[in-house]
Protein chains: 2
Amino acid sequence: MNNSQNENSICGCNIIHEDIVNKVSQLLPADDLLYKLSDFFKIIGDKTRIKILHALFESEMCVCDIAYLLNMNQSAISHQLRVLKTAGLVKFRKEGKVVYYSLDDDHVKNILDQGLIHLSHK
Amino acid sequence: MNNSQNENSICGCNIIHEDIVNKVSQLLPADDLLYKLSDFFKIIGDKTRIKILHALFESEMCVCDIAYLLNMNQSAISHQLRVLKTAGLVKFRKEGKVVYYSLDDDHVKNILDQGLIHLSHK
DNA sequence: TGAACATATGAACAAGTATTCATATAAGGA
DNA sequence: TCCTTATATGAATACTTGTTCATATGTTCA
């Protein structure tokens, strides 16, 4: 237990447990890494994108197929596919006019499945 | 290959591969479940909350400690702790004025670690 | 070459959300 | 009881982001 007299200007209160804060502070991963991590979860934390990913678990699909499947217009799907592509979660191949998207990462299915397990245990 | 003459009013294009769409449509988890799943990832897809969770991996902490550790004011942390509490990811115990937060879910650390593995493999 | 179509993309708009500020609540100590 | 302090919370603000609309690009086919 370690209190200082004046409240801290940063957080607006005193440090109650300086020893714990110091210990945890050292063990915490770098900000940079944690930001990347939260960005990754942000990508899969969207209902449209998570549906696209689940669809691609089953089969590669073209933009038009996905749009029809999800009952959304082509533009919205195309925008979201770009997000997934930029994040390295999907890749594509072109065949004439048609662009086929598929998964580009083995871990993603694993992580989504873990999420489902989490939900089922709550 | 299966084209209809007029473009589809829903997605603004024709279905290219009706067979695939039908197959995937049957295999896709229920909307309800996928929404819950994306909500879960949305919770951990925030830099402040992911820092809080990582901090709590190491030790239970009071609100003030977390605020000081993350260099944020008490109110912001309190709001985010409520989000995490509502999602069932953290729990708390009271000791006088002080409220101690800790993890309330075993799967979360696992999932975050998987996320880190994903990042390191990219 | 021109029409049709699959996809991409920029801009605008709408909706959601994280943080701040002010203040309330509740507990401890003088 | 009054003062201090730890936490919670409602409202306002600022920011982020998903979707739509209009349009551009690029390919096929007649």
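Order of the sequence lines fixes the chain letters, A, B, ..., with proteins taken first and strands second; residue numbering starts at 1 for each chain.
Scanning atom types as modelled, one donor and one acceptor separated by under 3.5 angstrom connect the side chain of A:His79 and the base of D:dT20. Between the side chain of B:Ser75 and the base of D:dT9 there is at least one donor-acceptor pair of N/O atoms closer than 3.5 Å. Below the 3.5 angstrom threshold, one finds a donor paired with an acceptor across the side chain of A:Gln74 and the base of C:dA8. In the interface, the side chain of B:Gln80 is not paired with the base of C:dA18 through any donor and acceptor atom under 3.5 Å apart.
Rounded to whole Å, atom C1' of D:dA6 lies 13 Å from atom CD of B:Glu95. As a whole-Å value, the separation of A:Ile44 CD1 from D:dG18 P is 13 Å. We find that CE of A:Met72 is positioned 15 Å from C1' of C:dA8, with the value rounded to whole Å. Computed from coordinates, the B:Tyr35 OH to D:dG18 C1' distance equals 13 Å when rounded to whole Å. As rounded to whole Å, 13 Å separates atom C1' of D:dG18 from atom CZ of A:Arg82. The OH atom of B:Tyr101 sits 15 Å away from the P atom of D:dA6 (whole-angstrom rounding). Atom NZ in B:Lys97 sits roughly 8 Å away from atom P in D:dT5 (whole-Å rounding). Protein atom CG of B:Leu84 is 12 Å distant from nucleotide atom P of D:dA8, rounded to whole Å.
Linking ILVMFWY side-chain heavy atoms closer than 4.5 Å, directly or via other members, places A:Val108 and A:Leu119 in a single hydrophobic cluster.
Applying the side-chain contact (heavy atoms from CB on, under 4.5 Å) test between A:Leu89 and each of A:Ile44, A:Leu103, A:Asp104 identifies A:Ile44 as the sole match.
Distances from the side chain of A:Lys47 to the nucleotides D:dT19, D:dT17, D:dT9 place D:dT19 closest. Nearest nucleotide to the side chain of B:Asn14, out of C:dA6, C:dT20, D:dT9: C:dA6. For B:Val63, the side-chain atoms get nearest to D:dA8 when compared with the rest of D:dT19, D:dA8, C:dT7.
Ring geometry, A:His107 versus B:His121: the interplanar angle falls from 30° to 60°, so the pair is classed tilted.
The residue among A:Arg49 and A:Lys94 whose nearest nucleotide of DNA chain D is located toward the 5' end is A:Arg49.
Counting heavy-atom neighbours within 6.0 Å of B:Lys36 NZ, excluding the residue itself, gives a total of 12 or less.
Between the side chains of B:Tyr68 and A:His17, not a single donor N or O lies within less than 3.5 Å of an accepting N or O.
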